[in-house]
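Computed over heavy atoms, backbone and side chain alike; hydrogens, waters and symmetry mates excluded. Treat the numbers as computed from the prediction; the structure is a model and nothing was measured.
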Amino acid sequence: MPRTSEENDRIRQLSKQKIRAAAMELFIKQGYYATSINDVAKQAGISKGLLYNYYKGKEELLSEMVEARIREVIEVMEGAAARETPSEQLKHIIEGAIDNIHQSPEVHRFYLHLQTQPEADEELIKYSKLLIKENARMFEVQCKMFERLGVKQPRKRSLYFSSVLQGIMFMISTYPQEFPIEEIKKQIIQEFCSA
């Protein structure tokens with residue numbers, strides 16, 4: 001019996017996820033430029049021809065990975081926006097960010113590295129700028145949360161919050177086994193989720 005179009009789509013999405021996971025692992029381990037499409041296909045356990053059936057090349061693969069990362073950030077912010085109070089919204093951001101990093105610290109390091117590409121790297125800088133642009137947009141949403149929380153100088157408070165949260169995320173991604181995650185999570189929630 002032939003497969004339905006839904007079944008074909010499900011198989012296609014699973015294959016693409018497998019390819020993206022293999023690419024992420026290799027990009028983290030050996031770098032974007034040192035990784036070939038052949039390496040990715042081998043790591044994913046598929047033929048190079050099948051990989052080219054899904055992606056024209058390594059840059060298109062990276063592009064889809066960055067778009068997926070941006071969607072993840074948007075989902076966290078939309079989840080936060082669905083909460084009733086600004087305190088609950090900020091708590092959702094904290095928990096979402098810290099839990100995500102704790103589960104996949106190497107992914108955070110990869111995207112942080114991607115965001116800090118030199119301007120001269122014409123191939124990667126456009127993806128760096130996409131991530132930075134989305135982070136700036138999310139910062140504005142976050143500023144509104146601090147405004148509604150009623151803090152003095154909500155932009156400065158939001159900047160401080162982002163700096164603390166990014167620092168925590170960096171520390172977790174660098175020292176995942178040695179970081180007191182739950183303690184720090186409680187501390188940042190206590191500090192920022194009340195006026």
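The number of heavy-atom neighbours closer than 6.0 Å to CD of Q13, taken from other residues, nucleotides and ligands shown, is above 12. Around CD of Q187, the count of heavy atoms belonging to other residues, nucleotides or ligands within 6.0 Å does not exceed 12. Annotation: K16, atom NZ; neighbour count of heavy atoms from other residues, nucleotides and ligands within 6.0 Å is above 12.
A salt bridge is absent between E106 and R109; no separation between the charged side-chain nitrogens and carboxylate oxygens falls under 4.0 Å. In this structure, E134 pairs ionically with R137, as a charged nitrogen and a carboxylate oxygen lie closer than 4.0 Å. In this structure, K185 does not pair ionically with E95, as no charged nitrogen and carboxylate oxygen lie closer than 4.0 Å. In this structure, E119 pairs ionically with K129, as a charged nitrogen and a carboxylate oxygen lie closer than 4.0 Å. A salt bridge is absent between E7 and R12: the closest approach of a Lys/Arg side-chain nitrogen to an acidic carboxylate oxygen does not fall below 4.0 angstrom.
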Verdict with supporting geometry, I168 and F179, side-chain contact (heavy atoms from CB on, under 4.5 Å): CA-CA 9 Å; I168 290 169; F179 202 83; 4.0 Å; yes

Verdict with supporting geometry, H108 and Q166, side-chain contact (heavy atoms from CB on, under 4.5 Å): CA-CA 10 Å; H108 178 70; Q166 287 293 325; 4.1 Å; yes

Full working for side-chain contact (heavy atoms from CB on, under 4.5 Å) between I181 and I101: CA-CA 10 Å; I181 291 167; I101 300 308; over 6 Å; no

side-chain hydrogen bond (donor to acceptor under 3.5 Å, both in side chains) between Q117 and Y32, intermediate numbers included: CA-CA 12 Å; Q117 291 301 306; Y32 174 78; over 6 Å; no

Derivation of the side-chain contact (heavy atoms from CB on, under 4.5 Å) call for V164 and F192: CA-CA 10 Å; V164 170; F192 290 100; 4.2 Å; yes

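For the pair Q43 and E25, the tightest heavy-atom approach, listed with the atom from each and the gap, is NE2-OE2, 2.8 Å. Contact between L149 and P86 at its shortest, heavy atoms only, is N-CG, 3.7 Å. Between L50 and S47, the closest heavy-atom pair is N-OG, 3.0 Å. Taking each heavy atom of L51 and A41 in turn, the nearest pair found is CD1-N, 3.7 Å.
F146 and F139 are assigned to two separate hydrophobic clusters, defined by single-linkage of ILVMFWY side chains at heavy-atom distances under 4.5 Å. A single hydrophobic cluster is not seen to contain both V151 and L159; linkage of ILVMFWY side chains at heavy-atom distances under 4.5 Å, directly or through other members, places them apart. Hydrophobic clustering keeps I74 apart from V76 (ILVMFWY residues linked when any side-chain heavy atoms are closer than 4.5 Å, directly or through intermediates). Linking Ile, Leu, Val, Met, Phe, Trp and Tyr residues whenever their side-chain heavy atoms come within less than 4.5 Å leaves L14 and M24 in two separate clusters. In the hydrophobic clustering of ILVMFWY residues, with side-chain heavy atoms under 4.5 Å counting as a link, M171 and I93 come out together.
From L124, atom CG reaches atom OH of Y33 across 3.5 Å, with rounding to the nearest 0.5 Å. Rounding to the nearest 0.5 Å gives a distance of 13.5 Å between NZ of K133 and OG of S128. One finds the OH atom of Y111 at 12.5 Å from the CG atom of N135 (value rounded to the nearest 0.5 Å). Rounding to the nearest 0.5 Å places CD1 of I172 at 11.5 Å from CD of Q177. The CG atom of L131 sits 5.0 Å away from the CD1 atom of I70 when rounded to the nearest 0.5 Å. Rounding to the nearest 0.5 angstrom, the gap separating the CD atom in Q89 from the CZ atom in R83 is 9.0 Å.
Looking only at side-chain heavy atoms (C-beta outward), C193 and I94 come within less than 4.5 Å of each other. Taking 4.5 Å as the limit, some side-chain heavy atom of E140 sits within range of a side-chain heavy atom of R155. You'll find the side chain of V40 stays beyond 4.5 Å of the side chain of K58, heavy atoms only. The side-chain heavy atoms of L112 and M169, taken from C-beta on, include no pair separated by under 4.5 Å. Residues M145 and V141 have side chains in contact (heavy-atom distance under 4.5 Å, counting atoms from C-beta outward).
Between F27 and F110, the two ring planes are parallel [angle under 30°; tilted spans 30° to 60°].
Using a distance-only test at 3.5 Å, with no hydrogens or angles considered, a donor-acceptor pair links the side chain of T116 to the main chain of H113. With hydrogens and angles ignored, the 3.5 Å screen pairs a side-chain donor or acceptor of D39 with a backbone N or O of S36. Side chain of S63 to main chain of E59: no donor-acceptor pair is present (N/O by atom type, distance under 3.5 Å, no hydrogens or angles). Side chain of T85 to backbone of E88: a donor-acceptor contact under 3.5 angstrom is found.
None of R69, R20, K56 except one satisfies the salt bridge (charged side-chain N to carboxylate O under 4.0 Å, His left out) rule with E64; the exception is R20.
Remark: K18 is not positioned above the aromatic ring of Y54, lacking an NZ or CZ atom under 6.0 angstrom from the ring centre and at most 45 degrees off the axis.
Under the 3.5 Å distance criterion, with hydrogens and angles disregarded, a donor-acceptor pair is assigned to the side chains of S158 and Q142. For the residue pair D121 / Y127, no side-chain donor-acceptor distance below 3.5 Å is found, with atom types taken as modelled.
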